[in-house]
Amino acid sequence: MVRERIIRYLLLLVAFSALGSLALITLFIFKEGLPLIVKVGLWRFIFGSDWSPSRGSFGILSMIIGSLWVTTGALIFGVPLGVTVAIFTTEFAPPALTAAVRPLVQLLAGIPSVIYGFVGLTVLVPGIQRYLGGPGPSALAGAMVLAIMILPTIVSISEDSIRAVPREYRDGALALGATQWQTIWRVVVPAARSGIMTSVILGMGRAIGETMAVIMVVGNALAIPFSPLQSVTTLTSNIGLEMAYATGDHRRALFATGVVLFVIIMALSMSASAMSRRSTRR
Amino acid sequence: MSAKTSQRVAKTLSWVAGLSTLLLLFFLLFYVLWRGLPVLNLHFLLSNPESMGRSGGIFPTIVGTAALTLVAIVIAVPAGVGTAIYLTEYTQESTLTRLIRFGTDSLAGVPSIIFGLFGFVFFVITLKMSWSILAGGLTLAMMILPTVVRTSEEAIRAVPHDLRQASFALGATRWQMVTTVVLPGALPGIVTGIVLGIGRSIGETAAVILTAGSSLGLPTSLLSPVRTMAVHFYILAREGISDQAAWGTGAVLVVAVLLVNVVINWLIGRMVVRR
């Protein structure tokens with residue numbers, strides 16, 4: 001019985017590993033980054049548009065806007081496509097095809113981000129330069145690559161929530177003479193709304209946080225972009241590139257950028273879990 | 001648009017979306033394999049890189065990837081499966097379990113570059129591990145922990161309740177019940193989580209480059225720096241050292257990812273059959 005009690009306490013200890021990891025990460029990222037934010041001033045750090053580490057000037061506005069451009073673009077391409085694919089596999093596709101599409105879409109999630117980045121760089125970037133103009137590496141290229149990368153998240157979570165809509169809802173609508181599409185659009189999708197929203201929030205989190213694929217296709221120019229064909233730097237791509245050589249205040253400024261990123265991600269995480277709690281309650 | 005037309009248009013569009021997603025996936029895989037497979041041979045896999053990877057092979061990066069993945073799995077699996085056992089067998093839903101779940105879910109959403117920054121300042125600098133297999137492996141372990149917890153928990157919950165009660169009725173203690181009934185029953189699901197973790201470790205770049213370094217030598221101990229295949233691919237591609245060697249490495253990565261997925265689907269197939 002003593003053994004049983006020891007095992008119970010050991011398991012309790014182990015159960016805190018994830019929460020403990022999260023706490024450690026929060027602590028150390030803030031410990032490294034916060035002093036610089038205090039030194040520069042939160043306002044000047046976030047809304048300053050000049051990033052010149054050699055002159056000690058740290059403003060991340062252009063990166064925030066860069067991240068916004070690629071993330072918004074990724075959602076514009078990725079959400080309609082992903083939700084349509086989820087509707088396809090749950091409602092329209094023959095069962096055999098559904099069974100095949102599911103694991104294949106998940107395979108997209110398993111492909112390393114550097115592969116997306118380099119395929120994007122060799123196929124997409126020259127294509128954009130040739131047919132749409134601009135330098136090639138651009139916010140648009142980043143958005144398109146990210147749209148594909150967030151598809152698995154959007155498809156699988158939307159699928160689950162569409163599947164969870166009670167059969168009676170569909171039967172009721174169909175019995176009233178609605179077509180299959182009217183049933184899906186007016187009944188099923190609204191009923192699965194919070195699940196679909198959760199998938200969008202989680203996809204957004206993935207898009208903002210993605211680093212390597214983005215570094216390879218966005219061009220990393222430090223200027224506030226005015227067109228999707230312009231080259232941009234994102235919060236993540238700047239950290240990924242400059243951590244290779246940064247020291248002193250410069251390195252601390254990259255951790256401070258990490259703090260901003262981390263706060264955004266945690267806010268998204270929390271709203272996603274609040275959203276999915278709402279959907280399970282119903 | 002009449003109801004009939006809109007039905008037809010919607011159905012067509014959904015087919016187009018579904019099929020173009022598949023097409024995209026196949027294009028991605030075939031493109032990498034088309035560029036990379038011609039480069040692959042035993043020499044490429046088993047010899048050391050020369051002049052920064054411009055020629056020669058990728059052997060040390062294969063060793064580095066395997067070493068990091070192994071460390072990550074050895075640490076994340078006991079922690080993750082233990083968490084899942086605690087949540088399912090040793091406690092009821094409470095504020096505590098909600099807190100643990102919040103930690104797991106939030107950790108799953110943390111971007112890899114943040115793990116990289118953390119691993120760098122915590123393992124590499126503060127704990128003085130320098131760029132090493134150990135620092136990289138520990139960072140990866142934290143990254144894949146949520147996956148292991150979730151898949152294990154789901155698999156454990158799927159073990160029928162009667163089996164547990166039968167085990168208790170025979171006089172088993174809780175831990176005996178867990179080890180003889182629950183874990184064997186949940187094994188395919190738990191292994192699925194492990195394999196998913198392996199897949200993620202193999203492909204990870206941002207977190208690894210900041211914690212394990214990018215040294216091209218063969219590692220001699222847990223404290224040696226290593227370069228993984230994904231990092232090698234990134235450096236070759238980004239610095240324009242050699243597109244050929246990059247695609248070769250990329251093809252090995254993609255083949256590894258495909259293998260991982262085949263194993264996962266086989267395991268999931270087994271789970272469904274058992275139930």
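- Side-chain atoms of A:Gln180 come within 3.5 Å of backbone N or O of A:Glu91 as a donor-acceptor pair.
- Ranked by heavy-atom pairs under 4.5 Å with chain B, the first of A:Ile87, A:Val123, A:Thr236, A:Leu268 is A:Val123.
- Annotation: maximal heavy-atom pairing with chain A below 4.5 Å, among B:Asn261, B:Val257, B:Thr205, B:Ile113, occurs at B:Ile113.
- Classification of the B:Phe26-B:Phe30 ring pair by plane angle, with boundaries at 30° and 60°, yields tilted.
- Residue B:Tyr90 touches chain A through both its backbone and its side chain, counting heavy-atom pairs closer than 4.5 Å.
- Only the side chain of B:Leu29 comes within less than 4.5 Å of a heavy atom in chain A; its backbone stays farther off.
- For the residue pair A:Thr179 and A:Gln182, the shortest heavy atom distance occurs at N-OE1, 2.8 Å.
- Between B:Ile100 atom CD1 and B:Thr95 atom OG1 the span is 11.0 Å, to the nearest 0.5 Å.
- The parts of A:Ser21 that come within reach of chain B are both its backbone and its side chain, each placing non-hydrogen atoms under 4.5 angstrom from that chain.
- B:Ala172 approaches B:Met177 most closely through the heavy-atom pair CB-N, 4.3 Å.
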_Worked check of side chain to side chain donor-acceptor pair (under 3.5 Å) between A:Tyr9 and A:Arg5_ = CA-CA 6 Å; A:Tyr9 283 121; A:Arg5 199 171 306 158; 5.9 Å; no
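- Relative ring orientation between B:Phe123 and B:Phe118 is described as perpendicular, the plane-to-plane angle rising above 60° on a 0-90° scale split at 30° and 60°.
- Using a 4.5 Å cut-off between heavy atoms, A:Arg206 does not touch chain B at all.
- In this structure, OG1 in B:Thr228 is found 8.0 Å from CG in B:Leu253, a value given to the nearest 0.5 Å.
- Most heavy-atom pairs under 4.5 Å with chain B, from the set A:Leu97, A:Ile7, A:Val85, A:Thr84: that is A:Ile7.
- Highest contact tally toward chain A, considering only B:Ala76, B:Pro78, B:Gly18, is held by B:Gly18 [criterion: heavy-atom pairs under 4.5 Å].
- Shown here for A:Ser158 and A:Val83, the closest heavy-atom pair between the two residues is OG-CG2, 4.2 Å.
- Separation of atoms CG (A:Leu108) and CD (A:Gln106) is listed at 8.5 Å; rounding is to 0.5 Å.
- Between chain B and the options A:Gly110, A:Ala244, A:Gly240, the largest number of non-hydrogen pairs under 4.5 Å is found for A:Gly110.
- Inspection of non-hydrogen atoms places B:Ala237, B:Arg238, B:Asp243, B:Ala246, B:Trp247 of residues 237-247 of chain B under 4.5 Å from chain A.
- Of the atoms belonging to A:Phe118, heavy atoms from both backbone and side chain fall under 4.5 Å from chain B.
- For the side chain to side chain donor-acceptor pair (under 3.5 Å) condition, the pairs that include at least one residue of residues 93-105 of chain A, sequence neighbours left out, are A:Arg102-A:Glu159, A:Arg102-A:Asp160.
- Taken to the nearest 0.5 Å, the CG atom of A:Leu124 stands 7.0 Å off from the CD1 atom of A:Ile148.
- With a 4.5 angstrom heavy-atom cutoff, A:Leu241 touches chain B only via side-chain atoms.
- Atom CG in A:Leu104 sits 10.5 Å away from atom OG1 in B:Thr21 (nearest 0.5 Å).
- A side-chain contact (heavy atoms from CB on, under 4.5 Å) with B:Ile114 is found for one member of A:Ile25, A:Val259, A:Ile239 and no other, namely A:Ile25.
- Residue A:Leu254 touches chain B through its backbone alone, counting heavy-atom pairs closer than 4.5 Å.
- Interface remark: A:Ile215 contributes backbone and side-chain atoms alike to the contact with chain B (heavy atom separation under 4.5 Å).
- Both the backbone and the side chain of B:Leu99 come within contact range of chain A, each with at least one heavy atom under 4.5 Å from a heavy atom of that chain.
- Contact tally against chain A (heavy-atom pairs below 4.5 Å) for B:Leu22, B:Val9, B:Leu196: the top residue is B:Leu22.
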*Show the numbers, then the answer: is there a side chain to side chain donor-acceptor pair (under 3.5 Å) between A:Asn238 and A:Thr233?*
CA-CA 6 Å; A:Asn238 190 56; A:Thr233 301; 5.7 Å; no
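- In this structure, chain A has no heavy atom under 4.5 Å from any part of B:Glu89.
- Interface residue A:Ile29: only side-chain heavy atoms are found under 4.5 Å from chain B.
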*Verify side chain to side chain donor-acceptor pair (under 3.5 Å) between A:Ser113 and A:Glu210, making sure each step is shown before the conclusion.*
CA-CA 8 Å; A:Ser113 58; A:Glu210 176 50 46; 3.3 Å; yes
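- With a 4.5 angstrom heavy-atom cutoff, B:Arg200 does not touch chain A via any of its atoms.
- Between B:Thr69 and B:Ser201, the shortest heavy-atom contact is OG1-CB, 3.7 Å.
- Per-residue heavy-atom pair counts under 4.5 Å with chain A were compared for B:Ala84, B:Ser106, B:Ala230, and the maximum is reached by B:Ser106.
- In this structure, chain A has a heavy atom under 4.5 Å from the side chain of B:Thr126, while its backbone stays farther away.
- Contact annotation for A:Leu151: only side-chain heavy atoms (C-beta onward) come within less than 4.5 Å of a heavy atom of chain B.
- Taking chain A as the reference chain and counting heavy-atom pairs below 4.5 Å, the highest number among B:Ser214, B:Ala206, B:Gly109 is found for B:Ala206.
- Residue contact with chain B, scored on non-hydrogen atoms closer than 4.5 Å, involves the side chain of A:Glu32 exclusively.
- Put simply, the side chain of B:Glu153 never gets that close to the backbone of B:Thr88: no donor and acceptor are under 3.5 Å apart.
- In terms of heavy-atom pairs under 4.5 Å with chain B, the best-connected choice from A:Phe28, A:Phe262, A:Trp185 is A:Phe28.
- Distance CZ/A:Arg8 to CZ/A:Arg3: 14.0 Å, rounded to 0.5 Å.
- Counting heavy-atom pairs closer than 4.5 Å to chain B, the top-ranked of the candidates A:Leu24, A:Ile111, A:Val101, A:Thr89 is A:Leu24.
- Residue with the most contacts toward chain A among B:Leu107, B:Thr104, B:Leu117, B:Ile202: B:Leu117 (heavy-atom pairs, distance under 4.5 Å).
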